[in-house]
Every structure is written in structure tokens, then in C-alpha cells.
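First up is the structure itself, then whatever we jot down about it.
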Amino acid sequence: MPYQPPLHIHLLFHPASADGRKIAESLVPKFLSAPAVRGLRVPIFLTPDREDDLPPRLQSDPAIPNDPDWLDLNAAEHSVVVVIADARMNRRVGGGTGAQWAEFARELVGSHDPQRHSIMLVSLDDQGVQLDESLSTLNFLTFPQDQDLAAQAEELTFQLAVRALILLRHPGQATDASISDAPAPVSFFLSHAKADLDAERKGPVHRVLEEVSTMRIDQWYDARKIELTEEFTTAIKDGIRRADLVIVFLTDSWAKSSWCRMEAAYAKEVATPILVVDALKDGEPRSFPYGGNVKVVRWPIPDEATLRRCLGVDVDQQAIDERLQKFRPIAARMLLSASILETLTRAHYTRLMHGQAHDDDVPLDVSPEAVHLAMHPNRSTFLYPDPPLTGEEYNVLSGLRPDAKFETPLMRMSRTLSTNEPLTIAVSLSDSEVLARHGLTPLHLRTMTDEIHLYLLVAGLRIAYGGKLEPEKLDDPDNFTLRLFSLVTGYRNLAKTFDADLKPILNVAPWPLWKNYDDDVLNRFGTIAGLEKVPCPELGLSESELKPLPNGFVVPDTIPHQYAWGPAMTAMREKMTEDSCARVVMGGKIEGYKGRYAGLIEEPLLSLRAGKPLFVVGALGGCARLVIDLLEQRDRSEMTTEEARANVQNYDALSEIYRGHNQEFKTREELAEEFKSYGRGGPMQALKNGLDDASNRELFYCTDPRRIAELILMGVSNLSSSGG
């Protein structure tokens with residue numbers, strides 16, 4: 001059975017709804033952290049936008065394997081689907097698709113398996129709840145009319161995280177869309193000093209207590225309300241042990257309270273997660289020694305004196321009171337959203353680590369610390385979530401327990417390959433113009449590709465990449481080459497702590513791109529990357545025809561210049577194919593290229609022609625998905641001469657000049673037929689990548705970065721062990 005992640009989240013809105021898209025996209029970074037950062041990483045998808053304004057299908061089209069428009073709830077163990085309804089979704093006139101969305105919502109609510117999945121209905125305006133009469137009795141999450149996007153996002157984050165948490169901890173007990181006013185079955189223990197219960201109810205403790213009461217938290221514990229009897233300590237410990245999260249209000253008074261410190265220490269002892277709310281004013285005389293290794297958030301509202309200093313001494317008291325009154329409940333909601341997300345993070349990692357643990361492992365939902373050694377004195381291997389501990393932390397724990405091992409999935413992945421020879425793998429990756437078609441955003445692209453690259457690097461592979469380093473884009477977060485450099489820089493020393501060796505990146509630069517590499521660009525390489533300058537191939541053009549700039553760069557602004565780039569890009573791609581043990585293809589724009597063919601069409605074609613191992617990842621769509629379809633004998637509308645003429649500038653003239661210089665220039669129909677010819681014997685025979693047909697097809701459609709990397713490394717390892 002193919003690998004299933006514990007949880008998927010789907011945020012569905014009308015593709016033309018600006019408000020729906022805005023609130024959905026604001027939630028993505030809350031659930032999708034970068035691989036180098038400790039945080040929640042749950043696969044989260046938006047509405048697949050196929051430019052017809054229709055909802056996704058609830059049944060797959062049998063003519064389209066792994067149909068991207070099909071809402072496959074069973075792709076994960078559990079799925080939460082949020083339908084974000086508004087007037088745009090409800091519109092029936094003027095070509096509106098409200099009737100189709102209403103039918104979709106009815107069928108979704110009526111057909112999903114509540115033992116595994118949860119449906120959440122959200123109304124952004126007064127028309128959202130009118131989507132369908134049969135849904136009018138169900139519980140829509142609604143917002144006050146004057147509530148801004150940030151406040152709406154916090155409320156939606158909380159409710160969504162609650163649904164996800166229930167599915168992970170109590171499958172079959174998720175709040176159904178038809179149940180209204182059900183409490184969120186999550187327990188918080190509020191650890192605070194009695195002195196912080198100010199008489200005017202303005203402090204963070206009071207504000208959070210008030211918000212907790214409005215959000216229908218199933219159970220919460222306030223230690224200061226427990227009667228001071230001989231059972232006081234027992235009651236506190238029972239509350240902490242039963243809680244999902246301990247919220248520590250770190251104030252000047254908390255830091256001086258022995259009772260408060262006892263509460264936090266006991267939470268560590270019984271492994272109840274802790275969230276620290278930093279509300280210090282003057283400071284604490286001594287940091288709580290067990291307060292590290294927990295998430296800390298800042299109470300975002302300053303006290304009155306601080307606010308007056310910021311606004312100016314002339315601000316009247318009424319203005320200050322009004323500002324504080326407005327932002328205190330928002331701050332409390334932000335804190336509770338952070339609390340439920342931290343609870344979900346720990347629950348998610350509990351499932352992930354238990355799913356990956358060996359029989360003799362101690363799976364942890366957080367990075368290990370000294371208290372774990374005390375709790376598990378006779379166990380030697382601790383498995384915890386990525387990223388790995390820093391060298392300093394690792395050395396301290398190893399000193400306390402020399403026989404213990406501390407490992408993450410990333411560290412274990414680093415031992416996948418057993419080869420004494422350094423292997424270079426070519427990565428063919430670029431942006432895809434159809435991310436929205438697959439329910440993805442640029443953040444998905446960055447986090448997914450970074451995580452896959454990181455797994456390949458720590459496994460000991462050297463990544464060769466034909467990307468460009470343009471002087472004017474050295475600070476561009478979407479510059480794939482620079483992000484590869486950053487991964488090596490950020491993880492090189494850390495990887496040494498678990499005996500992994502991150503090889504330098506190899507940037508294979510074609511003529512004339514490297515002519516633009518000035519000192520600022522070259523200084524970026526340092527020891528983290530090598531540079532291969534591919535010389536200009538024979539073009540059949542004179543110097544006067546090329547008309548290079550003073551630095552030798554040729555701008556592709558004429559037909560001869562546009563032609564010159566084609567053989568140059570091919571020479572770079574042939575060099576990468578020759579010098580690498582395999583190639584990975586992800587994403588890629590089908591149109592808008594400068595070579596003779598789209599880069600991520602030509603690069604896999606060169607690997608197939610050379611009989612070199614090829615891994616094709618279709619999660620990002622684009623050229624990679626097109627190659628998959630062709631290998632699987634499916635036609636693509638883009639692969640026609642008519643499409644080429646419509647999208648490639650000077651297509652017919654370029655065809656003529658290529659052939660006039662005896663250069664290959666296949667029509668798109670010819671390219672499609674060549675790909676199909678390789679695929680007729682099945683993926684294993686065509687790709688020669690060490691994976692069988694079933695594993696290759698899993699890789700074709702997998703969206704989980706860890707599993708994608710695992711399949712690639714499995715194939716490379718199989719090739720290495722067989723001498724391939």
C-alpha cells in the first residue's frame with residue numbers, strides 16, 4: 001500500500017473569490033513550516049484552479065490517473081476539508097457556478113467518512129450560509145461584519161486545528177459539520193501567578209481566560225482557583241497530567257513563584273507540552289532551568305506605560321484605553337491559536353515518530369533534552385522530529401548519556417546510501433506556471449523543493465544544477481540556486497554531528513549566462529559550490545552576427561541570437577547528463593523558454609536517450625507532469641505545432657535557422673512520440689532508476705517531500721548495490 005501521511009488539509013474557496021483566496025493563503029504558512037525550522041509541516045492544499053470556476057470532483061476521472069481535480073480524502077489517514085463560502089461561491093447568474101458548488105458541498109457533507117475525515121463549513125459573508133438550503137441547518141463558522149482578515153484567520157486557524165487534533169487523537173469523534181456549538185475537546189492548564197489577576201481585568205491572564213470562555217474549550221484548569229487544602233498539589237498535578245497543553249504566563253510574578261515553577265517542572269516530568277507567553281516587564285531574576293526546548297510567544301500588547309511612551313506623552317487616557325480595549329481580545333485569540341497549533345504540532349509529530357520508530361526506539365514529539373534521559377534511563381535510542389540538534393546540544397546530551405543515540409528521520413535518511421564513491425545527481429527544477437492548478441502556492445514550491453534537496457544532500461549526494469545566478473536577483477527568495485547554497489551553508493556543520501557530509505553544489509552554467517557572473521556572483525560560491533562553465537558550442541555564426549556585449553554576453557533579442565541560446569543550453573544539459581549518476585525532474589514551465597525546447601522537456605529526454613537513470617516527480621505539475629503523461633501513453637494538447645506557434649516567439653523562423661545549421665529541431669508531435677516510445681514498456685524499463693513500475697508511479701503523483709526523497713534514494717541505492 002502506498003505511503004499515507006497522517007493528515008491532509010484542504011482549503012476550498014471559489015477560484016475567483018479574492019477574500020476566499022486571501023484568507024486561505026494566510027493559513028498556509030501556519031501549517032507549513034520550512035524544513036530548517038522547528039514547526040508544523042502538514043500537507044495543505046487550496047482549491048485546484050482549472051480556470052472554469054468549478055469545485056474539485058469527488059470521484060476521479062478514470063481517463064486521468066491521479067486526477068489533480070479529484071478531492072481524494074483517502075490520500076492521507078485523515079483529512080480536514082474547509083469549504084470557505086461567500087457571495088462569489090453562491091452566485092448563480094452571469095455564468096456563476098453556485099449550483100455546482102452547492103451540489104459539491106451537499107455531496108461532500110453527505111458522503112465523507114466521519115470516522116476518518118472532518119468537514120468544516122465557513123461563511124465569509126451573509127450569503128455564504130445560503131449556499132444550499134439543505135446546508136442551512138448545519139453549523140457554519142461565521143465572523144462579525146467588522147472583523148478584519150487577521151482576526152478571521154486566527155479564529156479559522158483555531159477551529160481548523162481543533163478538527164485536525166481530534167482526528168489525530170480521537171478518530172471517529174471529530175465534530176461533524178451538522179453539529180452546532182460543540183465544545184473543542186482540548187484541555188489547557190493555565191499556569192500563572194495570583195498577583196497577575198489584576199483587579200481591573202486588563203492583564204494577559206484575564207484576557208485569555210475571557211477568550212477561553214467564549215471559545216467553548218472543553219476543559220481548562222486555573223491553578224489559582226483550586227482550593228488550598230491538603231489535596232492542592234494532587235489537584236494541580238492531576239490537571240497538568242490531563243491537559244493537552246500548559247500555558248505558562250511568564251511574568252515578573254510568575255518567575256518568583258515556587259508554585260508556578262513546580263507546575264512547569266511537573267509538566268516536563270509527565271511530558272505535557274508547554275507554551276510560554278513572555279509577558280515580562282522588568283525581567284526575571286533567574287530563568288526557569290527547564291523552560292528551554294519549548295515554544296515561546298510574546299504577549300503582543302504592551303502595558304499602558306509602554307504604550308504611552310510609544311504614542312507620545314500628549315496622548316489622552318481615553319485614546320490609550322480605546323486602543324488597548326480593541327487589541328486585547330485579538331491578542332488573546334492569537335495566543336490561543338498559537339496554543340492549539342502547538343498542541344497539534346506535538347500530536348502530529350507523535351503520530352509521525354511512532355509511525356517511523358523501530359522497536360527499540362523512544363519516539364519523542366519534541367527535541368530531546370536532559371529530562372528525557374531521566375524519564376527513560378534504560379533506553380538508548382531517541383527518535384525525534386527534524387531539524388536535528390545543534391552540535392552544542394548533542395555534545396551535552398552525549399556527555400550525560402554516552403551510550404544513547406539521538407536521531408531524526410533526516411539523520412536516518414543520511415544512511416540510506418551505502419557507497420564509497422561520491423555520487424552526483426542532476427536536479428532539473430524550475431517554477432511551474434500551473435501551481436494553482438494543483439492547489440499549491442509559491443510557498444509550497446519553496447518548502448517542498450528545499451526539503452527534498454536537504455534529504456538528498458544529507459544522504460551524501462552532490463547536487464548538480466543548471467540554474468542561473470543573475471546579479472540583480474541575488475536576494476530573490478525564489479532563486480533556486482541560492483536556496484541550494486543556503487541549505488549547504490545552514491546544514492553543513494550540523495550534518496557533521498551525525499557523520500553526514502554535505503557535498504558542495506555544482507552549478508553548471510551555460511554560455512553565455514556565465515559571462516554575466518561578476519565578482520558579487522562569484523563571491524557567493526565560496527566553499528559551498530563549484531562552478532562548471534560550459535563553453536560556447538559551434539553555432540555557425542560569426543562574431544559580427546553574435547554582436548556580444550563588452551563582457552561577452554549575448555542578449556536573445558533577435559532570431560539569430562535566440563537561435564544561439566538553443567545549442568548552448570543543450571550543451572549545458574548534455575554536460576549535466578554525462579557527469580551525473582541520475583537526474584531528478586520536478587516542475588518546469590512548458591512555455592517561455594530560451595532553448596530549442598523547454599528545459600524540463602529536453603533534460604529528461606537527454607537522460608532517456610543516454611539510458612541514464614531518471615526520476616520524475618509530478619507533484620508540481622508543469623513539464624514533469626507532461627513527461628509523465630507522455631510516458632504513460634496519454635496525449636497532451638500542448639504537444640502540437642499549433643500550440644508552439646502560438647506560444648514560442650518566431651517559432652517558424654527558428655525552425656528554419658536550426659535546420660539551416662544542421663541542428664535538431666523536432667516538432668512537438670515528434671517529441672511526444674519519442675517520449676511515448678520510451679514509455680511503452682512501462683516506467684521501470686524506460687527510467688532505469690532502480691524502482692519498479694509501482695514505485696515509479698507512486699513517485700509520479702506523491703506530494704509528500706519526505707516520501708519523494710525516500711523513493712529517489714531507494715532507487716539510487718538499488719542502482720549502487722547492483723553496480724548500475
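Residue indices begin at 1 and follow the sequence shown. Remember, predicted model here, so these are calculated numbers, not experimental data.
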Quick one: list whatever passes salt bridge (Lys or Arg N to Asp or Glu O under 4.0 Å) with [X], sequence neighbours left out.
{"X": "Asp450", "value": "Arg483"}
{"X": "Lys547", "value": "none"}
{"X": "Arg38", "value": "Glu342"}
{"X": "Lys688", "value": "none"}

Gap between atom [atom2] of [Y] and atom [atom1] of [X] - 0.5 Å precision:
{"X": "Lys503", "Y": "Arg492", "atom1": "NZ", "atom2": "CZ", "value": "10.0 Å"}
{"X": "Thr449", "Y": "His453", "atom1": "OG1", "atom2": "NE2", "value": "6.0 Å"}
{"X": "Lys575", "Y": "Ser580", "atom1": "NZ", "atom2": "OG", "value": "10.5 Å"}
{"X": "Arg634", "Y": "Phe675", "atom1": "CZ", "atom2": "CZ", "value": "14.0 Å"}
{"X": "Ile463", "Y": "Ile452", "atom1": "CD1", "atom2": "CD1", "value": "10.0 Å"}
{"X": "Arg41", "Y": "Met448", "atom1": "CZ", "atom2": "CE", "value": "13.0 Å"}

Is there a side-chain contact between [X] and [Y] (heavy atoms, below 4.5 Å)?
{"X": "Leu445", "Y": "Phe480", "value": "yes"}
{"X": "Leu626", "Y": "Ile601", "value": "yes"}
{"X": "Pro409", "Y": "Leu383", "value": "yes"}
{"X": "Met714", "Y": "Leu711", "value": "yes"}
{"X": "Leu40", "Y": "Lys30", "value": "no"}

[X]-[Y] side chain donor-acceptor pair, cut-off 3.5 Å:
{"X": "Ser695", "Y": "Asp692", "result": "yes"}
{"X": "Glu643", "Y": "Thr640", "result": "no"}
{"X": "Asp72", "Y": "Tyr701", "result": "no"}

His444 vs Ile44, test: side-chain contact (heavy atoms from CB on, under 4.5 Å). Steps then yes/no. CA-CA 9 Å; His444 286 92; Ile44 182 168; 3.8 Å; yes

Provide the closest heavy-atom pair for [X] versus [Y] in the form atom of the first, atom of the second, distance.
{"X": "Pro604", "Y": "Gly599", "answer": "CD-O, 4.3 Å"}
{"X": "Leu539", "Y": "Tyr563", "answer": "O-OH, 2.7 Å"}
{"X": "Ser432", "Y": "Gly587", "answer": "CB-CA, 4.3 Å"}
{"X": "Gly690", "Y": "Leu719", "answer": "N-CD2, 3.8 Å"}
{"X": "Leu541", "Y": "Pro560", "answer": "CD1-O, 3.7 Å"}
{"X": "Leu608", "Y": "Ala686", "answer": "CD2-O, 3.4 Å"}

Given Thr570, which partner from the list Glu602, Glu603, Gln663 fulfils the side-chain hydrogen bond (donor to acceptor under 3.5 Å, both in side chains) test? Glu602

Around Glu670, counting heavy atoms of other residues, nucleotides and ligands shown, do more than 12 lie under 6.0 Å from its CD?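 Buried by this count: over 12 neighbours within 6.0 Å.
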
Within the supplied structure, the quantity of interest is the number of heavy atoms (other residues, nucleotides, ligands) at a distance under 6.0 Å from Gln633 CD; does it exceed 12? yes

Which class fits the ring pair Phe525 and Tyr517: parallel under 30°, tilted 30 to 60°, perpendicular over 60°?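 Tilted, since the angle between the ring planes falls between 30° and 60°.
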
Hey, are [X] and [Y] close enough for a salt bridge, meaning a charged N less than 4.0 Å from a carboxylate O?
{"X": "Glu407", "Y": "Lys405", "answer": "no"}
{"X": "Arg706", "Y": "Asp386", "answer": "no"}
{"X": "Arg625", "Y": "Glu638", "answer": "no"}

Between the main-chain N or O of [Y] and the side-chain N or O of [X], is there a donor-acceptor pair closer than 3.5 Å?
{"X": "Glu669", "Y": "Thr641", "answer": "yes"}
{"X": "Tyr455", "Y": "Pro705", "answer": "no"}
{"X": "Gln685", "Y": "Gly682", "answer": "no"}
{"X": "His438", "Y": "Leu620", "answer": "no"}
{"X": "Tyr597", "Y": "Arg668", "answer": "no"}
{"X": "Tyr593", "Y": "Val648", "answer": "no"}
{"X": "Ser607", "Y": "Arg583", "answer": "no"}
{"X": "Thr577", "Y": "Arg573", "answer": "yes"}
{"X": "Asp704", "Y": "Arg707", "answer": "yes"}
{"X": "Arg596", "Y": "Glu664", "answer": "yes"}

Kindly write out the residues that satisfy side-chain contact (heavy atoms from CB on, under 4.5 Å) with Ala568, not counting sequence neighbours, or none if the list is empty.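 Expected list: Trp511, Pro537.
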
Does the pair Val488 and Ile505 meet the rule for a side-chain contact (heavy atoms from CB on, under 4.5 Å), with working shown? CA-CA 8 Å; Val488 175; Ile505 302 296; 3.7 Å; yes

Does the ring centre of Tyr384 sit less than 6.0 Å away from the ring centre of Phe406?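 No, they do not, as the ring centres are separated by 6.0 Å or more.
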
Among pairs that include at least one residue of residues 671-681, which meet salt bridge (charged side-chain N to carboxylate O under 4.0 Å, His left out), considering only residues two or more places apart or in two chains? Arg609-Glu674, Asp635-Lys676, Lys666-Glu674, Glu673-Arg680

Trace of the side-chain contact (heavy atoms from CB on, under 4.5 Å) decision for Leu600 with Val627: CA-CA 9 Å; Leu600 270 71; Val627 168; over 6 Å; no

Show your working on side-chain contact (heavy atoms from CB on, under 4.5 Å) between Leu7 and His78 and close with a plain yes or no. CA-CA 5 Å; Leu7 179 67; His78 305 286; 4.2 Å; yes

